[in-house]
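Below: one structure, written as structure tokens.
Just so you know, residue 1 is the first one in the sequence shown, and it goes up from there.
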Amino acid sequence: MLELTALAALLIAVLAMFRISGLNRKFERDIAALREEVTRLQQGAPVAAHQEVEAAESGSASEAIAIADRAEQAHPAEETPAGEAASLPHEPEIPAVARESLESRLAGRWSVWVGGVALAFAGVFAVKYSIEQGLLSPAVRLALAALFGLALVAAGEWVRRRTEPLVQSAFQNALIPGVLTAAGSLTLLGAVFVAHAVYGYVGPGFAFFLLGLVSLCTLALALIHGQGLAGLGLLASFATPLMVDSDAPSPWFLFGFLSIVWLSNAFASRMRDWRFAPALANAGLTLWCLAQTLFFPMETVFAPGFAMLVMLAGMAFVWPGPRMPKPAIVKTARSPWEVYLFPSHGAAVLIAALGVLVNVIAMVSDDHRIAGAEWVFVCLVTALALLGAGRRYGAYAAIISALAAFGGIRAMAENAVSTTIDAAGESYHAPFEPNLVIGLAFGLGLAFVLLGGAVNWRLGERLLPRSVLWSGLAGVTPLALAGLSFVFLGNYAFDLSHGVYGLFLAALYFAVAWRLSGPTLEGRYHVNRDIWVASSWAALLFALVMLTEGAATTLGAAIIGFAYLLGHRVKPWPILPWAMAASAIFVAGRIAWQPTIVGASLLGKTPVFNALLIGYGGPALLLILSAWMMRRSEDIRLRSVLEALASLFTLLTLGVLVRHAMNGGVLDSGAPTLSEQAIYTLLTIGASATLMALDLRQPSIVFRTGSMAVGYVSMLSVLSAHFIGLNPYFIGEPTGTIPFFNLLFLAYLLPGLAYGAAAHYARARRPLHYVMALALTGSALLFGYVTLSVRRLYHGADISDWKGFLQPELYTYSAVWLALAAALLAIGYRFRAKSIRLASAGLMLVVVLKVFLIDMANLEGLFRVLSFVGLGVVLIGIGRFYQTILGGLQTPGERAGAVAPPATEPVADQGETDKTA
């Protein structure tokens, strides 16, 4: 009963304090209005300055400050662009504010601070001395200490009334009146604490009342003496419960007192536009709530939850309140995002939001689960989200409310099981049922959607930071909460509740997007509307994953994206076709996670017509249709992305079907055989030619660059696989028993002809370096075919290197190489392909080196003679052929032995040619 009486008395004292403060402010406004009228009728600033001096001399500091403010408003300082000050000689220049000297700091500030601390210690030492000497009784000593404290407070007020306004402005945080008042408050607090804790003169209830009264009075005096004294009053108020021991502590009484302290500071901060005191008050209150939750979890969470709700409501309606206060000094122009994310009082809001975050997670965590904590958690998260949505300074509150919802749901879902077996082997029921946690996740998610929709509904089409942030939070938070509950508590095979929830979210998202799309937004991007559209797509994918599996999920994702692309014909929102690209990325990720689409055990062994055709071919076909439908779109980036994805998925489909067919209906990560690699090579060079044809039909940077990129990749695979890694000469793979249509035909002859055809097709259509690379690769493959065919002729299907070489075999190599060199020379002449003629010359050089280095040492008898005879005849014939026929391809200067001037590098559409500029 005594505690309730004390709490009521404190509340009455606070109300009386603010009533008196309101009357004082009314009187000050009336006086200021009268003086402003006098100032306007006279000369303005000079008269105002004179009145300010008179008011300062008369001791009315508040009146002097009011008059100075009016004078500043009547003649505001004008800003001049840089470099124009010299052109305005008659304008008075404002001198720069000088830095405070060390002497001023020592004499004007530090001396005051140290003096205040010395006075506080003086009271302590005086009491200590009287105790040691036995001069006075305890009651007398406590009375004298209290009188000393009151005397310091009175001295502070006396000095304040005689302090000049200029001194107050220069030494705002080191004023003697405030320091004296602070020392007096500390002395009074110490006297009450000693009377209760040491001598037992007063009981817990009355001691709590006296300590709270001194703390609140200190806060009231801070309205006069400044924010520093307010900080002292807050520290004293938050320390008061620690100074009093009670046999029956009441959480409601404790947090009721702390709530009154917080509200008192909030009202004072609003009157004086304080920034530090509210941050300190938020930190102190949330720390007390956290201590209650962690150290006394079995008592109640409703009392600290109520205190935090008071704090959030006070921030919304008291300080900072409905209107965001403006900063006192604006040094540079700030963007709307800077103002929204970094308000002048953002530290207090951030501290409060973080305090709520830590408290709600502690309330529902495994170690501190308390009955009813889940409802306190929901109320606090909702209140924090409301603060973030309803106030322009609520960015931190909005973001942290989403984090608090995610952290709390995770803490509950992690241990939300119907029954659990403890260490003793007995089952017990957990306080958080799975269905309850799922329901809370769904409910909080819908709350964020409704708040985001309300913010965008109110702000309309304007792209303000608050609307953009809430569009993102409304899209991410509900799906994150639903996904979290599904991971911990869902049915992975088929989850109807999560699936229906995803469909409902998709409908809400699309409804808000439709509402935000006015006539002025048709045909152009709009961040807020596009975020809601993207969220609806994500919600549909979420529902698809919940309700389907296997090939249905993979193909369904592509169908959803294609449906959004078709929707572009109904509503020309540029974001809609991008859903097809996003679906393709989702399908690619699903393929990477499950390459067999339906699982290895369910994948059939029938070539081509199996689940792979649906999972890979279906999205590829939809991407091809999408690229074709958007071929006339003005969005070059969209066209390029769709064309690239269509090409990639087409190649991927062909490659995986070949892999499946070549491995007996099994997809594994083993190294491919040469026959399988040969098919991949044919597919890639075919894809390069296809992309080239598409680029010629409809120019596209994707087709143009992609065709060459795929071509170069295929050339690298030929070098690494056909000639080194999978070469049957090195690895011993059998080449087959059929004389012509064998492994060598598939792996070397066909790719060689394909590269030759691609080089011919790329002439005058692609850069010279690419055409030459294709031609040289084709020549190398033909060289490999004839060489390995000769070895197969002498050694059969197994052409492994361990079998060595026969003399007829070595001679045959020289013969067929000479024949191939002559054929390449003729082809190079026929198609005016200098790269093929250079390949012929290179092969001829190889033959010369072989004959003189290998054949001379290893061949004997007739084979040696025939080798050199054949070489000589062929070389002379090539020389004659070059002199009589190929010489005509040179310029007159080259035939005369002159050095022709360097020709310019051919451009992309010239191709390979022997003609000079």
CZ/Phe494: more than 12 non-hydrogen atoms of other groups inside 6.0 Å: yes

How about Ser700 and Arg639: do any of their side-chain heavy atoms sit closer than 4.5 Å? no

For residues Leu350 and Asn282, determine if any side-chain heavy atom of one lies less than 4.5 Å from a side-chain heavy atom of the other. no

Please lay out, stage by stage, how Trp514 and Lys571 fare under the test side chain to side chain contact (heavy atoms under 4.5 Å, CB included). CA-CA 9 Å; Trp514 193 280; Lys571 296 293 287 185; 3.7 Å; yes

Give a yes or no on whether the backbone of Gly490 and the side-chain of Asp495 come within a donor-acceptor separation of less than 3.5 Å. no

Full working for side chain to side chain contact (heavy atoms under 4.5 Å, CB included) between Asp273 and Ser269: CA-CA 5 Å; Asp273 194 23; Ser269 299; over 6 Å; no

Side chains of Ile400 and Val356: closer than 4.5 Å at any heavy-atom pair? no

For the residue pair Pro478 and Gly445, what are the closest heavy atoms and their distance? CG-O, 3.2 Å

Residue pair Val656 / Pro595, side-chain heavy-atom distance below 4.5 Å: no

Between Asn456 and Ser471, a side-chain donor and acceptor under 3.5 Å: yes

Check for a donor-acceptor pair, side chain of Trp288 on one end and backbone N or O of Phe238 on the other, with a separation under 3.5 Å. yes

Can Arg590 and Thr554 be counted as having a side-chain donor-acceptor contact under 3.5 angstrom? yes

Is the backbone N or O of Phe442 less than 3.5 Å from a side-chain atom of Tyr501, with the two atoms forming a donor-acceptor pair by type? yes

Does the cation-pi check pass for Arg529 over Trp532, that is, NZ or CZ under 6.0 Å from the six-membered ring centre and within 45° of its axis? no

Can Phe255 and Val310 be said to form a side chain to side chain contact (heavy atoms under 4.5 Å, CB included), step by step? CA-CA 10 Å; Phe255 287 100; Val310 169; over 6 Å; no

State whether a side-chain donor-acceptor pair under 3.5 Å links Asn528 with Ser467. yes

Is the closest side-chain heavy-atom distance between Phe488 and Arg410 below 4.5 Å? yes

Mind checking whether Leu294 and Leu290 have side chains closer than 4.5 Å, heavy atoms only? yes

Considering residues, nucleotides and ligands other than Arg458, do more than 12 of their heavy atoms fall under 6.0 Å from its CZ? no

Side-chain donor or acceptor of Arg704 paired with backbone N/O of Asp695 under 3.5 Å: no

Test item: Thr286 side-chain N/O and Ala352 main-chain N/O as donor-acceptor pair under 3.5 Å: no

Is there a side-chain contact between Val360 and Met308 in this structure, where contact means two heavy atoms from C-beta onward sitting under 4.5 Å apart? no

Can a donor-acceptor pair be found, under 3.5 Å and without considering hydrogens, that links the side chain of Trp470 to the backbone of Ala454? no

Donor-acceptor check, side chain of Tyr616 to backbone of Thr650, threshold 3.5 angstrom: yes or no? no

I'd like to know if the side chain of Ser633 reaches the main chain of Met630, judged simply by a donor and an acceptor atom lying under 3.5 Å from each other, with no hydrogens or angles considered. no

Measure up the Tyr492 and Phe486 rings against each other and bin them: parallel (under 30°), tilted (30 to 60°), perpendicular (over 60°). tilted

Quiz question: by atom type and distance under 3.5 Å, do the side chains of Trp319 and Asn265 form a donor-acceptor pair? no

Main-chain N/O of Val702 paired with Thr705 side-chain donor or acceptor, under 3.5 Å: no

Taking all atoms of both residues into account, what is the closest heavy-atom pair of Ala404 and Val381, and its distance? CB-CG2, 4.1 Å

Distance alone, cut at 3.5 Å: any donor-acceptor contact between the side chains of Ser517 and His526? no

Parallel, tilted or perpendicular, as decided by the 30° and 60° cut-offs, for the rings of Phe510 and Tyr564: perpendicular

Tell me if a side-chain donor or acceptor on Arg631 pairs with a main-chain N or O of Trp628 at a distance below 3.5 Å. yes

Counting only heavy atoms not in Phe306 (residues, nucleotides, ligands), do more than 12 fall under 6.0 Å from its CZ? no

For residues Tyr525 and Asp635, is any side-chain donor paired with an opposing acceptor at under 3.5 Å? yes

Determine, step by step, whether Leu612 and Thr653 satisfy the side chain to side chain contact (heavy atoms under 4.5 Å, CB included) criterion, reporting the C-alpha distance in whole Å, the side-chain angles of both residues, the deciding distance to 0.1 Å, and the verdict. CA-CA 8 Å; Leu612 299 177; Thr653 302; over 6 Å; no

Can you confirm whether Met580 sits close enough to Phe562 that some side-chain heavy atom of one is under 4.5 Å from a side-chain heavy atom of the other? yes

